[in-house]
Protein chains: 2
Amino acid sequence: MQRTSFGSMACPIARSLERVGEWWSMLILRDALRGTTRFDDFQAGLGIAPNMLSRRLKALVAAGLLEKRRYSDRPPRYEYVPTECGRDFRPVLQTLLAWGNRHFAPDGPRVRIVDTETGETAEPIVVDRRTGRPLSDPVFRTVYGRPAGQPQDGTA
Amino acid sequence: MQRTSFGSMACPIARSLERVGEWWSMLILRDALRGTTRFDDFQAGLGIAPNMLSRRLKALVAAGLLEKRRYSDRPPRYEYVPTECGRDFRPVLQTLLAWGNRHFAPDGPRVRIVDTETGETAEPIVVDRRTGRPLSDPVFRTVYGRPAGQPQDGTA
DNA sequence: ATCAGTCACTTTCATTATGCAAGTAACTAA
DNA sequence: TTAGTTACTTGCATAATGAAAGTGACTGAT
């Protein structure tokens with residue numbers, strides 16, 4: 001009666017959720033990517049109980065999203081900084097933010113992504129990097145299995 | 001000792017997670033957006049216990065992401081189809097898929113988003129719709145508070 | 001008419017996870 | 001000496017998750 005693990009599923013979405021799918025994890029990551037590094041700052045910013053924060057930070061460190069660094073020896077003090085993997089998570093939070101603003105902010109968004117040069121509010125959409133084509137286009141489909149005739153490793 | 005609710009937080013990410021942040025919810029949504037509509041098909045595809053599926057479907061319907069429709073009167077049979085809000089969730093799953101492929105698919109991706117016209121594998125990135133600029137650019141920042149001069153409910 | 005089969009669930013109950021309150025440890029500064 | 005800061009851990013109650021089994025409303029074949 002353990003919680004079902006998504007880690008062994010072939011789907012990359014399931015594997016992602018194995019790392020960040022627990023209650024609080026994404027919000028901790030959100031703050032970490034905003035610049036929060038200290039235990040007490042996470043705690044104050046999130047209103048999370050210290051035991052929960054401790055557990056989640058451990059899990060995020062174990063999953064390779066955060067790195068625990070000692071920034072003081074006497075007294076021993078630690079900080080949590082996003083790894084490259086953790087920083088790569090930003091797009092997920094950006095689309096989640098856009099979705100929340102569109103559907104769950106009846107009085108208009110209270111949080112926005114802004115171009116600090118022009119002051120304009122950005123509207124995040126997902127496109128294909130090469131072609132620039134929006135992935136909302138129905139020509140884009142999710143397919144299962146590797147590209148035919150291409151042995152796994154050195155391939156695209 | 002209830003689970004902390006994110007629904008009353010101002011952050012749109014938190015509000016989003018209130019709806020889809022539970023174990024299984026996003027995977028159910030993933031299948032629903034792939035075309036799965038029937039209870040037993042969700043169950044078989046996910047390997048989820050029927051009681052959990054029942055709870056999650058109820059929650060997703062209550063959150064406005066799925067619509068429960070009777071497709072047969074005798075016997076009474078139901079199907080679950082994504083609402084507009086549910087369909088708008090696709091970009092989140094696309095970025096989550098891309099992140100999973102980048103970091104948790106050591107032998108290369110087993111699931112890809114493909115342009116069915118060219119057969120090319122898409123590489124999802126998030127850009128600003130108007131300017132086309134990648135939101136990974138550091139000029140984009142998350143800011144709190146509404147745009148100046150637009151009072152909606154008195155809060156600044 | 002009986003029986004197997006399908007579909008969409010619900011009920012029961014054990015195991016996990018979550019969360020509040022409180023406590024601990026190692027310091028620094030007054 | 002006392003208070004304050006930082007970074008946690010422990011204890012324990014409540015809530016969520018999950019496997020197994022059961023229910024209800026049918027259809028279709030013998």
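Each chain gets a letter, A, B and so on, in the order the sequences are listed, and its residues count up from 1.
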Between A:P75 and A:R56, whichever has its closest DNA chain C nucleotide further toward 5' is A:R56
With sequence neighbours left out, the residues meeting side-chain hydrogen bond (donor to acceptor under 3.5 Å, both in side chains) with B:T116 are none
Open item on the list: With a 4.5 Å cut-off on side-chain heavy atoms, are B:P82 and B:F89 touching?
Closed with: no
Should the pair B:R19 and A:F104 be classed as cation-pi, given the thresholds of under 6.0 Å to the six-membered ring centre and 45° from the axis?
yes
To the nearest angstrom, the CD-P distance between A:E22 and D:dA16 comes to 16 Å
* For B:T4, answer base if it contacts any base atom (sugar-phosphate contacts may also be present), sugar-phosphate if it contacts only those atoms, and nothing otherwise; contact means non-hydrogen atoms under 4.0 Å. => sugar-phosphate
For D:dA16 and B:W24 - does any side-chain N or O of the residue sit under 4.0 Å from the phosphate oxygens OP1/OP2?
no
**Q.** Under 4.0 angstrom between B:S54 side-chain N/O and C:dC9 OP1 or OP2
**A.** no
**Residue-phosphate contact under 4.0 Å: A:R3 side-chain N/O, C:dT18 OP1/OP2** = yes
Examine B:R38 relative to B:Y78 and say whether NZ or CZ is less than 6.0 Å from the centre of the six-membered ring and inside a 45° cone about the ring axis. no
N/O to N/O distances under 3.5 Å, protein versus nucleotides 3-8 of chain C:
| unit_1 | atom_1 | unit_2 | atom_2 | d |
| --- | --- | --- | --- | --- |
| C:dC7 | O4' | B:R77 | NE | 3.4 |
| C:dC7 | O2 | B:R77 | NH2 | 3.2 |
| C:dA8 | OP1 | B:Y71 | OH | 2.7 |
| C:dA8 | OP1 | B:Y78 | O | 3.1 |

* Just wondering, do B:V114 and A:R141 contact through their side chains at under 4.5 Å, heavy atoms? -> no
Side-chain contact check for B:A49: nearest option of C:dA17, D:dA21, D:dG18 is D:dG18
Here the distance between atom P of C:dA17 and atom CG of A:L53, to the nearest Å, is 18 Å
In whole angstroms, the gap separating C1' of C:dC9 from CZ of B:R69 amounts to 20 Å
Check: Where does the angle between the aromatic ring planes of B:W23 and A:F6 fall among parallel (under 30°), tilted (30 to 60°) and perpendicular (over 60°)?
Finding: parallel
In whole angstroms, the gap separating C1' of D:dG22 from CG of B:N51 amounts to 12 Å
A:L46 CG to C:dT18 C1', in whole Å, measures 15 Å
Next on the checklist: I'd like to know if A:R3 and A:E22 make a salt bridge, using a cut-off of under 4.0 Å between side-chain N and carboxylate O.
Outcome noted: yes
query: Is any side-chain nitrogen or oxygen of A:W23 closer than 4.0 Å to OP1 or OP2 of C:dG19?
result: yes
